[in-house]
Amino acid sequence: MKLKYILCILTAGITAALCSCGQKDVEGGELIKSAREKYTELSSAKVTMTNEETGEIEQTFTFKYDEKDVLMFSYYGKGTDTEYAQYNNGVECFTYDNGEYSEAVKGDDEFVKYTKAATHPQADEGLLIYEPSCITQAEVTEENGVTHISHEYDVEKINAEAENGEVIGFTADYYFDADQELLYFVETTYTDEDGEEKTYAYRVDITEKNSVDKIENTTEQFRE
């Protein structure tokens, strides 16, 4: 079973091989690294990705670790021509992928169990992008007690690709409160599609920190 992680660190269908060599911090780096560490320490949370243009939540990822640090999670996401859902409780996994429903259980070759030590990519620090060696411009500003960190990335260094057209720019904007706690972040992708420049901006919120009680099986609605 091929697992999809639509809620990724880059938006608008972009995939990227991020830089990993000789990284030196840029402006705002310490705050982001702290936020990444705090995220990986959570026992549970809900992550939502909202389309800034429409205000619609397009992707949701909810996770919770049990007393043995086994991860239970659910995901739901949709796009113009795609719809995907997955639920994994550490013993069984159900997946809906554009009209196809499948399941796997512990012991099957295609089943994957996630833990604190080997966790799901969206429960890992990579959810919050920070690759200093790929950043071309960094700026930190403060207004009304909110710290805004803006990082512009070199799209060639991150090998950015889009479903449609060519990626011509990518930025990540982080917002922290007066106590240096992450409020939310926005990832913006700029593309050239047949000579027309388009912008895809998504806001990512991390809520219900350490307070998720139940993980909903997002695939149940698709079971025949």
Side-chain angles (χ1 to χ4, degrees), residues 1-16 35-36 38-66 70-104 111-116 119-129 162-163 170 172-175 181-189 199-223:
M1 177 177 56
K2 182 180 179 181
L3 301 180
K4 289 187 177 180
Y5 307 118
I6 304 176
L7 181 62
C8 55
I9 55 178
L10 299 180
T11 58
I14 288 180
T15 58
R36 284 159 62 102
K38 290 177 181 177
Y39 179 63
T40 60
E41 292 174 350
L42 295 174
S43 62
S44 65
K46 181 177 182 179
V47 181
T48 56
M49 181 178 281
T50 304
N51 185 315
E52 289 272 83
E53 181 180 2
T54 65
E56 182 180 6
I57 295 176
E58 294 188 0
Q59 301 179 46
T60 302
F61 175 77
T62 308
F63 71 90
K64 181 179 182 179
Y65 291 97
D66 66 14
V70 174
L71 182 72
M72 176 187 295
F73 73 86
S74 67
Y75 169 84
Y76 176 78
K78 62 180 180 179
T80 304
D81 302 310
T82 60
E83 187 172 33
Y84 185 88
Q86 189 170 76
Y87 170 82
N88 186 321
N89 61 14
V91 178
E92 51 191 356
C93 180
F94 305 95
T95 304
Y96 173 82
D97 185 358
N98 289 327
E100 296 185 8
Y101 182 89
S102 61
E103 56 186 277
F111 180 79
V112 179
K113 182 176 77 171
Y114 299 95
T115 66
K116 269 282 188 180
T119 195
H120 189 286
Q122 304 312 324
D124 199 7
E125 64 176 19
L127 177 76
L128 290 74
I129 183 173
E163 290 181 327
F170 177 79
D173 293 87
Y174 288 86
Y175 298 85
E181 293 295 325
L182 178 66
L183 295 170
Y184 62 94
F185 62 97
V186 177
E187 297 178 340
T188 306
T189 303
T199 301
Y200 301 91
Y202 288 86
R203 167 172 167 158
V204 180
D205 290 270
I206 303 170
T207 61
E208 300 183 31
K209 299 176 183 178
N210 297 327
S211 62
V212 174
D213 181 50
K214 183 180 180 181
I215 304 294
E216 175 190 3
N217 186 342
T218 51
T219 69
E220 278 293 332
Q221 59 183 314
F222 303 110
R223 185 192 293 268

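These numbers come from a predicted model, not from an experiment.
For F222, the ring pair (Phe, Tyr, Trp, His ring centres under 6.0 Å) criterion is met by Y96, not counting sequence neighbours. Listed by chain and number, the residues in a salt bridge (charged side-chain N to carboxylate O under 4.0 Å, His left out) with D205 are R203 (sequence neighbours excluded). With sequence neighbours excluded, the residues that form a side chain to side chain contact (heavy atoms under 4.5 Å, CB included) with A35 are L128, F176, L182. For K38, the salt bridge (charged side-chain N to carboxylate O under 4.0 Å, His left out) criterion is met by E181, not counting sequence neighbours. Partners of D173 under the side-chain hydrogen bond (donor to acceptor under 3.5 Å, both in side chains) rule, at least two apart in sequence or in another chain, are H148, S150. For S43, the side chain to side chain contact (heavy atoms under 4.5 Å, CB included) criterion is met by N210, not counting sequence neighbours. Under the side-chain hydrogen bond (donor to acceptor under 3.5 Å, both in side chains) criterion, Y101 pairs with R223, not counting sequence neighbours. The salt bridge (charged side-chain N to carboxylate O under 4.0 Å, His left out) test applied to E216 returns no partner, not counting sequence neighbours. With sequence neighbours excluded, the residues that form a side chain to side chain contact (heavy atoms under 4.5 Å, CB included) with D124 are T40, T119. Every residue two or more places apart in sequence or in another chain that forms a side chain to side chain contact (heavy atoms under 4.5 Å, CB included) with T218 is listed here: S74, Y76, A85. Remark: Y39 engages F63 in a ring pair (Phe, Tyr, Trp, His ring centres under 6.0 Å) (not counting sequence neighbours).
Residues V204 and V47 are in side-chain contact: their nearest non-hydrogen atoms beyond the backbone lie under 4.5 Å apart. Side-chain atoms of K113 and V70, non-hydrogen and from C-beta on, do get closer than 4.5 Å to each other.
Annotation for R36 and G126: closest pair NH1-CA, 4.5 Å, computed over non-hydrogen atoms. Looking at every heavy atom in both residues, Q86 comes nearest to F73 through OE1-CZ, 3.5 Å. Taking all atoms of both residues into account, the shortest heavy-atom contact from F111 to A104 is CD1-O, 3.8 Å. When all heavy atoms of A123 and Y65 are compared, the closest pair comes out as CB-OH, 3.9 Å. Closest approach of S44 and S211 over heavy atoms only: OG-N, 3.2 Å. Scanning all heavy atoms of the two residues, the minimum distance from T82 to N98 falls at CA-OD1, 3.2 Å.
Taking CE from M72 and NZ from K214, the interatomic distance works out to 10.0 Å, rounded to the nearest 0.5 Å. The distance from atom CD of Q59 to atom CG of N51, rounded to the nearest 0.5 Å, is 10.0 Å. Atom OG1 in T48 sits 9.5 Å away from atom CD in E208 (nearest 0.5 Å). Taken from OH in Y87 to CZ in F94, the straight-line distance is 7.5 Å, to the nearest 0.5 Å.
Using a distance-only test at 3.5 Å, with no hydrogens or angles considered, no donor-acceptor pair links the side chain of T50 to the main chain of G55.
Within the structure, the salt bridge (charged side-chain N to carboxylate O under 4.0 Å, His left out) test picks out the following pairs touching residues 43-62 (sequence neighbours left out): E56-K78.
Not less than 6.0 angstrom separates the ring centroid of Y75 from the ring centroid of F61.
Around NZ of K116, the count of heavy atoms belonging to other residues, nucleotides or ligands within 6.0 Å exceeds 12.
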